[in-house]
Structures are given as C-alpha cells and as structure tokens.
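Each chain gets a letter, A, B and so on, in the order its sequence line appears, and its residues count up from 1.
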Amino acid sequence: MKKVRFAPSPTGYLHIGGARTALFNWLFAKNKNGKFVLRIEDTDNIRSSKEMSEEILKAMRWLGLEWDEGPFFQSERLDIYKKHAEKLLEEGKAYRCFCTPEEIEERRKQAEKKGIKSWKYDRKCLNLSKDEIEKFLKDGKPYVIRFKVPEGKTEFEDKIHKKVKVENSEIEDFVLLKSDGFPTYHLSVVVDDHLMGITNIIRGDDHLSNTPKQILLYKAFGWKIPEFAHLPLILGPDKQKLSKRHGVTSVLNYKKEGYLALSLVNFLAKLSWNPGEDKPFFSLEELIKRFSLGKVTKNSPVFDLKKLDFINSKVISSLKPEELYKEIIEISTDEDKSILEKDKEKTLKAIELLKTRMKNLKEFIKILKNYLSEILYYDKEGEEKFFNIEGKEYLEAYLKEIENISKDSFHQDILEKKLREKAEQIGIKAGSIIHPLRLALTGNRVSPGIFDVLVFFGKEEAIIRIKKAIEYINEKNRANNSRI
RNA sequence: GCCCCUGUCGUCUAGCCAGGUUAGGACAUCGCCCUUUCAAGGCGGCAGCACGGGUUCAAGUCCCGUCGGGGGCGCCA
C-alpha cells in the first residue's frame, strides 16, 4: 500500500506553498487508495509553537485534507532519533565531533583566506584516538554526532525530475544529532519516514539538493529507499521566491477574504499540474481520479490571483443556495449574521438571484445586505446620474403603475410590459426608468435583471423602497435649495 | 564561490521522451454580438518556443554552450 506524509514545521502558518504540497500528497494517497500521514516537525524548539501547529491543522481541515494517521509530533520522539544516531555511531558510520561552532567558523575563515571558496567540515574529529574521545567524554565536553559520508556518487530517480545525481565529495559530513540531543532534520525525517512506512515522499524542490544526504542515511541504516517526487516551488508575480509582500499569508486568510476551499484547491492543483481536460474547476472526486505525478510540470509556476478569482466565481455559481448560505454564514460577522439569518428563506432567494455574478463571498455579503435590510447607502455616482428631477418623475410615474398591479399579477412579464408602455407614453427610453428604479431598489447601479429584482422584493416592499427613494430625492433637493 | 534543478503568449499550460503542428487551450486583456445595468454566455483579435552554435532534407522537440530564474551548501526545517 502506498503511504505518503505531509510534514510541516510549525514555525509559521500554512501558506500557499505548504498547502499545495499537502494537497498533492493527499491527492496521491486518495488516488492510490493509500494512506496520508500528518507529522509535525517541531524539533526546532525555539521557533516552533503550539499555536502554529493548531493553525496548520485548522487550515488543512478547512481545505478538506483530512489525514489518516497522526498528527505525530517529532518533539515527542526524541529518544528514537537519538537511539538511531547512536546505532550508526556504533557501526562506525558516524562519529562524535567535539569541535565547537566557533572553532569550525574559524577554520572556515582560514580556508577562505587561502582561497578555498567552498570549505566543508575537515573531519578533524574523525581521527581522534580512543583515549582522546574517552577524555573528552569524561570532561563532559559537548559533542554532536556527524555522519561519515562515504565515497562515490549518489543517484536517484525523481518522479518529476527524472535522474538526479551528485558526487558524494560535494556533501559535507553533516550533523545527525545536535549537542543538546535533538536530531537534525535529515536524521529525524529519514527515521520517521522509515518507521512510519512512508513509500513516497512528495515535497517541495527546496529539498531536492538535500535528498542525496537522506538517501545515504537510508543506505547506512540498510533501509528501503522510498520514491521521491519534488514539486517545483511556487513563485511570486515578480518571479521571485514567494514572500509576504506577494500576499502570502495563511490559507485561512483566503477563507476570510471570501474564497471557497474548493476554489483554492483547484487553483493550487493547477499550479504545475495538468488535469488533462480544460474545465474551470473539478470536484475533489474528479481531482483524485485524474491525479498523477507524471503530469506534474518541472518548472516553477507563478502565483496569479486573477485565476483564483475566476475559479471562485465559477464555484460560487455552481453551488446551491443552501450550500452558499452555509459558507456565507461561516465567514460573517455577528452583525451581518443578524441580517442574513433574520429571514432565511428570503436570504436563500436573494442568493439564488445574485450568485451568478459574484466573484467572492465577502463581496457577496456586502451586496446581499442591501437586499435584505433597509438600504444603507445609494451608490454615489448613481445618485448623481439618476436621482435628479427627471428620475424622480419617472419613479413616481412607474410607482403608480405598480400600485395598480394586483399582488397575484406581480410577474416579470407584466411588470416589463407596464414599464415599456409607460416609457413610450412619456416619450423616453425604457432605460430612463430602469436606471433610477435599480438604484432605488438595490442602492446599486448594477443588479440582476430589474424585473427579477422587482419580483424578488414583491409588491409591498418594492413600493416602500421606491417611495423611500423619492423622499430621499426630495430631501436632497430641499437641502440644495436652502444652500442656495 | 561550489553543487543541483529549471526556461513555450502577461499568467497557468499542451506539444518534447518516439523531430515534419497554420505551435493548441484556459485566465487576463481588447473588440463585436446579446442587452435595462453588471456579470454570465457566444464570436473574434493581440500575444509565445530565452539566446547562440551543432546534428538533420527538416529542430519548440535531439546534442553542446551562453544567459536568465529558483533552490541547496547550518548544531533551521
């Protein structure tokens, strides 16, 4: 059975890059009917935090990336790593190094003076005699355990990059166990991946250069080497590494900003992966069915929010009002909730009416409120254009028509017929009535078809809103006159 | 500095492994249609093989180099 893992370190929140790695692992596991393990790599006890771990779990749940095993915390497994480092020590595949960081830095500088540009640890402690080691240990001199990198070269077949090879002479005798007894990343990752039965390692390209070190460790332990797949790193719009100034925040921020999890998942999936068919978005089931590492591209994609907006608008249009309602309530403030939950049936109707032209849930809430509570504001430009003497006259004229339509006949076709007749009678275009009417009803210059809007409000409320607008125009005129 | 990875429209990508395409699609953008506005939808436009050699009848595709971008080289992960 295939088994993969996502192994974030809780030194920051789950951002776009991490989420993509998690997603690809998840898709791979689901596609292969395998298992997805979550492991928190918190061995850097200074920079890691409990809060960040929680945040990462929350973000993954929001995205729908549930894990089958874990979360495991490396900080709870320190003795395991230590034992494994000591095993290599006993077998002569690793050695104690008593050099302090300062001493090493000093030697590095000396080497640079002599013109050696890429200095590696000089294996000074590899040649210590038994007696010297005994003495240092007795003195309680702190030490690290270093891996003794063997000669030769290391090759592996990456699922995405194909063949990758490195000369072992390029690799330094890296540290396995720090002097405080904590493992370094290379040790803990290899030990855990083996012990947890990970068969496929899918992670970012930033780990590609370090993979040979880990392969060397697998060999030293005599373990089966898993398959590797390194995902190209996501870049910012300036083709530079993703950073805060590119809007790289927690994925939960995207939720707050009105994006749906399915939108973000599709957006991430299509960065460096080609699903084979061109559709605005796919359901999770479709993504799982289609997923394959072979279709992951090798070059780094640029993160482009416009695409996310497009996908989000398509997902929003595709959802049922009831589903959208749930999502909207989820991100609403208490104040907004009171408006949205007051008359759920009406809210659902408004959602249905508006959803095809919404890009974003946050924006949706803002628009929705104008349909569900009293109008809080009229669009400024719209006011200047349509709330004038003529606009008022047209509103009054059409208001009379509406008042004469019975409640049972309050339908799109009749409303439209009456409006067009009225316009012709006055000698104006239908639009001259429609524009002020739209502003009066919705507070906005844009809306769904005006007759759908009328029907949505119903006769009574439509009349109230139109009257209110007329009153508003009157007051505005009075204010202007008194100023003169 | 050394090592590794990587270059197709503005962006995401198909095509490359098994050389012969008017280099295809999507987003964005522009125009037109529809139309009461805005979206949506339909139709169309602009726009790309980083550069230089080589192999070949033929190179986006194979080889070499240059340049660009990214990553790694920690008692960080």
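B/G20 sits 25 Å from B/C12 when the P atoms are compared, rounded to a whole Å. One C1' atom belongs to B/A58, the other to B/C16, and the distance between them is 16 Å to the nearest Å. The C1' atoms of B/G45 and B/A50 are separated by 26 Å, rounded to the nearest whole Å. When the C1' atom is compared between B/G15 and B/U61, the two are found 8 Å apart, to the nearest whole Å. Across B/A59 and B/C32, the matching C1' atoms stand 39 Å from one another, rounded to whole Å. Rounded to whole Å, the P atom of B/C43 lies 12 Å from the corresponding atom of B/G25.
A/H207 comes within 4.0 angstrom of a base, heavy atoms only. The residue A/L233 sits close only to the backbone: its heavy atoms come under 4.0 Å of sugar-phosphate atoms, none of a base. Across all strands shown, A/T43 has heavy atoms under 4.0 Å from sugar-phosphate atoms exclusively, and none from any base. Among the atoms of the strands shown, base atoms are found under 4.0 Å from some heavy atom of A/N210. Contact annotation for A/P448: base contact, defined as any heavy-atom pair under 4.0 Å involving a base atom. Base contact: A/K307 has a heavy atom under 4.0 Å from a base atom. Across all strands shown, A/E167 has no heavy atoms under 4.0 Å from either base or sugar-phosphate atoms. Nucleic acid contact for A/P101: base, since at least one base atom lies under 4.0 Å from a heavy atom of the residue. Among the heavy atoms of the strands, none lies under 4.0 Å from A/K162. Backbone-only engagement by A/S272 is indicated by non-hydrogen atom pairs under 4.0 Å involving sugar-phosphate atoms exclusively. Using a 4.0 Å heavy-atom cutoff across all strands shown, A/S9 reaches sugar-phosphate atoms only and no base atom. Residue-level contact check: A/F182 touches neither bases nor backbone, having no heavy atom under 4.0 Å from any strand. When heavy atoms are screened at a 4.0 angstrom cut-off, A/S179 is found touching base atoms of the nucleic acid. A/V302 comes within 4.0 angstrom of sugar-phosphate atoms only, judged by non-hydrogen atoms across all strands, and of no base.
In this structure, A/Y185 places its OH atom 11 Å from P of B/G72, rounding to the nearest Å. If you measure from atom CG of A/D180 to atom C1' of B/G74, you get 14 Å, rounded to the nearest angstrom. To the nearest angstrom, P of B/A39 lies 13 Å from CD1 of A/I367. Here B/G74 presents its C1' atom at 17 Å from CD of A/E103, a figure rounded to the nearest Å. In this structure, A/I171 atom CD1 and B/C2 atom P are separated by 18 Å, rounded to whole Å. Computed from coordinates, the A/L439 CG to B/U37 P distance equals 15 Å when rounded to whole Å. Across the protein-nucleic acid pair, A/L419 atom CG and B/U37 atom C1' stand 14 Å apart, rounded to whole Å. Atoms NE2 (A/H161) and P (B/G7) sit 10 Å apart, rounded to a whole Å.
A 3.5 Å limit on both hydrogen-bonding distances identifies B/C73 as the Watson-Crick or G-U partner of B/G1. With a cut-off of 3.5 Å on both Watson-Crick or G-U wobble distances, the partner of B/A14 is given as none. The pairing partner recorded for B/C46 is none, the criterion being a Watson-Crick or G-U wobble arrangement whose two distances lie under 3.5 angstrom.
A close approach under 4.0 Å does not occur between any side-chain nitrogen or oxygen of A/K298 and OP1 or OP2 of B/C17.
When ring centroids are compared, A/F24 and A/F291 come within the 6.0 Å threshold. If you look at A/F28 and A/F36, their ring centroids are not closer than 6.0 Å.
Put simply, the side chain of A/S209 and the base of B/G71 share a donor and an acceptor less than 3.5 Å apart.
No donor-acceptor distance shorter than 3.5 angstrom exists from the side chain of A/S179 to the backbone of A/V144, with no hydrogens or angles considered.
Inspection of the A/N168 and A/E151 side chains reveals no N or O donor paired with an N or O acceptor under 3.5 Å.
With the nearest nucleotide of RNA chain B identified for both A/T184 and A/T297, A/T297 has the one nearer the 5' end. Positionally, the nearest nucleotide of RNA chain B for A/G449 lies more toward the 5' end than for the other of A/K213 and A/G449.
Between A/L454 and A/I402 the shortest side-chain heavy-atom distance falls below 4.5 Å.
Between A/Y121 and A/W119, the ring planes lie perpendicular to each other; the angle is over 60°, past the 30° to 60° tilted range.
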